[in-house]
2 protein chains.
Amino acid sequence: MTTGGVQIGKLQQACSHCGLNQLCLPMSLNEADIRQLDEIVERRRPLERGAHLYRFGERFSAIYAVRSGSLKTYTSTEEGEEQVTGFHLPGELVGLDAINSWEHPCSARALETTSVCVLPFEQLENLAGHIPGLQRQLLRLMSREIFADQQMLFAMARRSAEERLAMLLLSFSNRFERRGLSPTRFRLSMARSELGNYLGLAPETMSRLFRRFSDQGWLKAEGREISLLDLPALRALAGQSEDEAPCEGPAALR
Amino acid sequence: MTTGGVQIGKLQQACSHCGLNQLCLPMSLNEADIRQLDEIVERRRPLERGAHLYRFGERFSAIYAVRSGSLKTYTSTEEGEEQVTGFHLPGELVGLDAINSWEHPCSARALETTSVCVLPFEQLENLAGHIPGLQRQLLRLMSREIFADQQMLFAMARRSAEERLAMLLLSFSNRFERRGLSPTRFRLSMARSELGNYLGLAPETMSRLFRRFSDQGWLKAEGREISLLDLPALRALAGQSEDEAPCEGPAALR
DNA sequence: CGTCAACTTGACTCAGGTCAACCGGTGTGG
DNA sequence: CCACACCGGTTGACCTGAGTCAAGTTGACG
């Protein structure tokens, strides 16, 4: 047992036993392929709240899958402005934006105690060349990220503050639901101001929005504990028709 | 010779002779690998201005590389609102956002007479499994797209209308320059209102911005013919420091 | 108990949207 | 060949959603 971000060994959970494997990279791989993937996955001891997984400008060496907890990724300018580019929940990959330049173009920081699986990129690339299903899944996940960013772009360009918040809440709702958790009651691990930053809104605006939403009876918010009380109303606001498959479409919003 | 979108044969230019091959997928492949890539590339007769390369909801079968001309991609809601998600110049790939769902989540339409190379996805995937350099380049280009979308997100969330326009103009400038064209004089193939839509701005605002920019002596605009007269001023506005490598960083903005 | 950060609330401001009128080029059909 | 319509663009007047600033309030934690 050593200090630092040192590997703890492949003792416990392998991908094959991980409850998230149907959301994550192993999705639709067979037993043997998953075993090969397991060979290259490193598991470190968890990050503490506020700790960085990587920082802007660091050399890229691996992509990461969130195993438990949550992360935010953000860029910052010289002037110190910060822009949150995403919140990442268990089963989701981070670091895909660094493949191009081999440098992380943003930083990733734990919002709570968080453990990740480390996927050393060169080995992953190599393995993907041998396992078509893995290559495909990697491309799919990157494609999904592109799509999600475009949805978000649309939201930022054309949607009002209310609509954006509704979309974000539904996005969380869907992402919790996919993991088998309640789609209507969940605890957010980030501050209002971080949500606001992500949506391009001032913290004061967030506060007013939450108030308006709970006055309308659409949700109850006790601090970071959220209950969504009227999904149809939120969907209507977010511009999702009632029957729209909530797992595809705008719901894939990050 | 047949009608419709039929293949015209691999007569003329193969990737190996294409002037864009250092921007496009073949980048950093060797002769032999490029030949294999050439095997699967289809080249159709050009799209006319206004014609669709694909439409929202269509089954995904291939990604496309722009060879000449230009495209816009856009999503539209049931209510008929349209949101431009990108402009695509020669050497750039489109359709990457469809890999995830096997359906195009947006439409792509030619802004002028445009020819594209068709890369049937299953064959491309297969080939990428055999040619590590190809797989890597594909991942790189997708990664770059993710990064560019995030830059754009940042711009939409935190930047003023002026700053956004400056960024977009510099993006075009850089993209023309990479192709060996003038970074300061170019013809845009899209309407002001399409630029505005992309940036989340009303056409009236675009008009006022162009006026303000030319009053300041930063550019001259005669219709769609643009001359950038003061790159440093535009860079300052866009938040790029003078010496910042213009080919990486925010310049990769699409 | 004091401190600090997250969150609220209210008052005011302003960037950019909306609406309406108008201009000039271009295509079209009589 | 001309009249008309249409589209993209421009300009002005006005309005409003959300940012900003300032002053609390609440809650967690040492």
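Bear in mind the structure is a predicted one, so any value in this text is a computation, not a measurement. Hydrogens, waters and symmetry mates play no part in the numbers below; they use all other heavy atoms, side chains included. Chain letters run A, B, ... following the sequence lines, proteins first, then strands; residues in each count from 1.
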Compute whether any side-chain donor of one residue and acceptor of the other, for E204(B) and S207(B), lie under 3.5 angstrom apart.
no
Would you please confirm or rule out a distance under 4.0 Å between OP1 or OP2 of dG19(D) and any side-chain N or O of T205(A)?
yes
Pairing of E82(B) and K72(B) as salt bridge, 4.0 angstrom limit:
yes
Spacing of E222(A) atom CD relative to dT26(D) atom C1', expressed in whole Å
15 Å
Phosphate OP1/OP2 of dT9(C) contacted by R211(A) side-chain N/O (<4.0 Å):
yes
Considering only heavy side-chain atoms of S207(A), the closest of dT8(C), dT10(D), dT18(C) is dT8(C)
Describe the nucleic acid contact of G196(A) in one word from base, sugar-phosphate, nothing, applying a heavy-atom distance below 4.0 Å.
nothing
Taking dG12(D), dG16(C), dA22(D) as options, the one with an atom nearest any side-chain atom of E204(B) is dG12(D)
Measure CZ/R212(B) against P/dG12(D) and give the value in whole Å, please.
13 Å
Think R159(B) forms a cation-pi with F154(B), using NZ or CZ under 6.0 Å from the six-ring centre and within 45 degrees of its axis?
no
Can you check the R192(A) CZ to dA18(D) P distance for me, whole Å?
18 Å
What's the CE-P distance between M190(B) and dG9(D), to the nearest Å?
11 Å
Nearest-Å distance for atom pair CG/P, residues N197(B) and dG9(D):
13 Å
Sorted by position of nearest nucleotide on DNA chain D, 5' first, the leading residue of R208(B) and E194(B) is E194(B)
N-O pairing of R49(A) and E112(A) below 4.0 Å
no
In whole angstroms, the gap separating P of dT8(C) from CZ of R224(A) amounts to 11 Å
Rounded off to whole Å, could you give me the CG-to-C1' distance for the L188(A) and dA6(C) pair?
15 Å
